[in-house]
Amino acid sequence: MKFHRLLLMTIVFVVFNHCGYNEIQMQDEAVKAAWAEVLNQYKRRADLIPQLVKVVEAFAIQEKEVLVQVTEARAKVGTIQATPELINNPEAFRRFQQAQGELSNALSRLMVVVEQYPQLKSDANFRDLQAQIEGTENRIAVARKRYIDSVQEYNTTIRIFPNVITAKIFGYTEKPQFEVENLQDISKPPEIQINTNKK
């Protein structure tokens, strides 16, 4: 009886060790960790935005439309439940990505507004806040790159043999990858306009 149990445990160990199950588990966890870091950086940005809007408001009351757009975009991001399960739902992932893209666009427009206010640019509080937001954007880019790499590795693992069989048995499917929404716009070189009439 003991021999049969030992034999069964040995077979189970060998099968699970060579069917890719453990590898899938490790990479699934790596994807979750990478996604958690992406969310962490997005949250940092969302927390900083109200401070940025408040500082800019003091200098640029007449630019209310842009400030409202930033506030609304941030509020929209806040309505989406950013949970670890998001990476297993392509449609929810797409909506989350779209909301973050709208927020990024609103922030870009806000920065253009800021360029029109020299006093604001020279304010120490604003410069500190701007540096934090720029740092956050860089962290988001790094976190997204790590997520992209981990998803690529995971998706490759569950598609190769014999892992593909194991993945199907245990219900592991491909994770959604980040996509660029405005691919047509960013594929064009930026237009640089220099005003030569200024003295």
Side-chain angles (χ1 to χ4, degrees), residues 13 15-52 70-108 110-111 128-187:
F13 177 78
V15 167
F16 271 79
N17 238 6
H18 292 86
C19 68
Y21 181 81
N22 290 340
E23 191 178 1
I24 292 172
Q25 293 295 317
M26 286 188 291
Q27 292 184 11
D28 186 49
E29 288 301 317
V31 171
K32 288 176 185 171
W35 179 243
E37 181 57 19
V38 171
L39 295 181
N40 180 37
Q41 296 305 327
Y42 276 139
K43 184 176 186 316
R44 178 185 163 92
R45 179 171 73 169
D47 290 344
L48 285 171
I49 286 171
Q51 297 174 53
L52 176 68
V70 172
T71 304
E72 287 178 351
R74 182 188 176 276
K76 188 175 179 182
V77 166
T79 60
I80 296 176
Q81 287 287 331
T83 62
E85 288 75 29
L86 202 66
I87 54 176
N88 295 322
N89 185 337
E91 180 55 30
F93 185 85
R94 188 193 60 76
R95 285 198 305 271
F96 176 82
Q97 197 177 345
Q98 186 179 16
Q100 290 294 343
E102 288 174 13
L103 181 56
S104 294
N105 289 337
L107 279 174
S108 297
L110 181 60
M111 288 303 157
D128 291 345
L129 190 57
Q130 189 183 29
Q132 286 188 47
I133 288 178
E134 286 171 352
T136 301
E137 293 298 322
N138 290 336
R139 289 189 186 98
I140 288 172
V142 171
R144 285 178 59 156
K145 172 73 170 67
R146 288 177 181 159
Y147 175 79
I148 288 167
D149 290 344
S150 63
V151 167
Q152 181 191 15
E153 193 174 358
Y154 168 85
N155 285 347
T156 302
T157 298
I158 66 166
R159 290 176 63 186
I160 60 175
F161 186 81
N163 300 359
V164 65
I165 297 170
T166 306
K168 283 190 188 298
I169 290 171
F170 289 97
Y172 287 99
T173 56
E174 288 188 33
K175 308 278 190 199
Q177 193 56 280
F178 273 111
E179 293 177 3
V180 178
E181 289 181 4
N182 55 343
L183 184 61
Q184 197 171 4
D185 294 338
I186 63 173
S187 61

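Just so you know, these numbers use all the heavy atoms, side chains as well, and skip hydrogens, waters and symmetry mates.
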> Using distance alone, with no hydrogens and no angle criterion, decide if R44 and T136 have a side-chain donor and acceptor under 3.5 Å apart.
yes

> Rounded to the nearest 0.5 Å, how far apart are CD of Q152 and OG1 of T157?
10.0 Å

> Any donor and acceptor pair, going by atom type alone, linking the side chain of R74 with main-chain N or O of A46 inside 3.5 Å?
yes

> Begin with the C-alpha distance, continue with both residues' side-chain angles, and end with the deciding distance and a verdict on side-chain contact (heavy atoms from CB on, under 4.5 Å) for I24 and Y154.
CA-CA 7 Å; I24 292 172; Y154 168 85; 4.2 Å; yes

> Do you know the tightest heavy-atom contact between V31 and S150?
CG2-O, 3.5 Å

> Do N88 and T173 have side-chain heavy atoms sitting under 4.5 Å apart?
no

> I'd like to check V164 versus I158 (side-chain heavy atoms, cut-off strictly below 4.5 Å). Are they in contact?
no

> Using only heavy-atom distances, determine whether the side chains of Y172 and Q25 contain a donor-acceptor pair under 3.5 Å.
yes

> Counting neighbours of CD on Q177 that are heavy atoms of other residues, nucleotides or ligands and sit closer than 6.0 Å, is the number greater than 12?
yes

> Are any non-hydrogen side-chain atoms of R45 and R139 less than 4.5 angstrom apart?
no

> Look at K76 together with E72 and state whether they make a salt bridge at an N to O cut-off of under 4.0 Å.
no

> Can any side-chain N or O of Q100 pair as donor or acceptor with the backbone N or O of Y42 at less than 3.5 Å?
no

> Rounded to the nearest 0.5 Å, what separates atom CD in Q41 from atom CG in N138?
10.0 Å

> Atom CD1 in I49, atom CG in L129: separation rounded to 0.5 Å?
10.0 Å

> Look at the aromatic rings of Y147 and W35 and report parallel, tilted or perpendicular, splitting at 30° and 60°.
tilted

> Quick one: does I169's side chain get under 4.5 Å of I165's, heavy atoms only?
yes

> Take K168 and N163, measure what side-chain contact (heavy atoms from CB on, under 4.5 Å) needs, and give me the verdict at the end.
CA-CA 9 Å; K168 283 190 188 298; N163 300 359; over 6 Å; no

> So which heavy atom on V38 is nearest to which on F178, and how close?
CG1-CZ, 4.1 Å

> Supply the atom-to-atom distance L52 CG to L107 CG, rounded to the nearest 0.5 angstrom.
7.0 Å

> Can you tell me how far the CG atom of N105 sits from the CG atom of L110, to the nearest 0.5 Å?
12.5 Å

> Between N155 (side chain only) and K175 (backbone N and O only), is there a donor and an acceptor less than 3.5 Å apart?
yes

> What is the minimum heavy-atom distance between A106 and V70, and which atoms define it?
O-CG2, 3.5 Å

> Could you tell me whether R146 and E37 make a salt bridge, using a distance below 4.0 angstrom between a side-chain N and a carboxylate O?
no

> Between CG of N89 and CZ of R94, what distance do you get to the nearest 0.5 Å?
10.5 Å

> When you look at V151 and E174, which way does the side-chain contact (heavy atoms from CB on, under 4.5 Å) test go after all the steps?
CA-CA 8 Å; V151 167; E174 288 188 33; over 6 Å; no

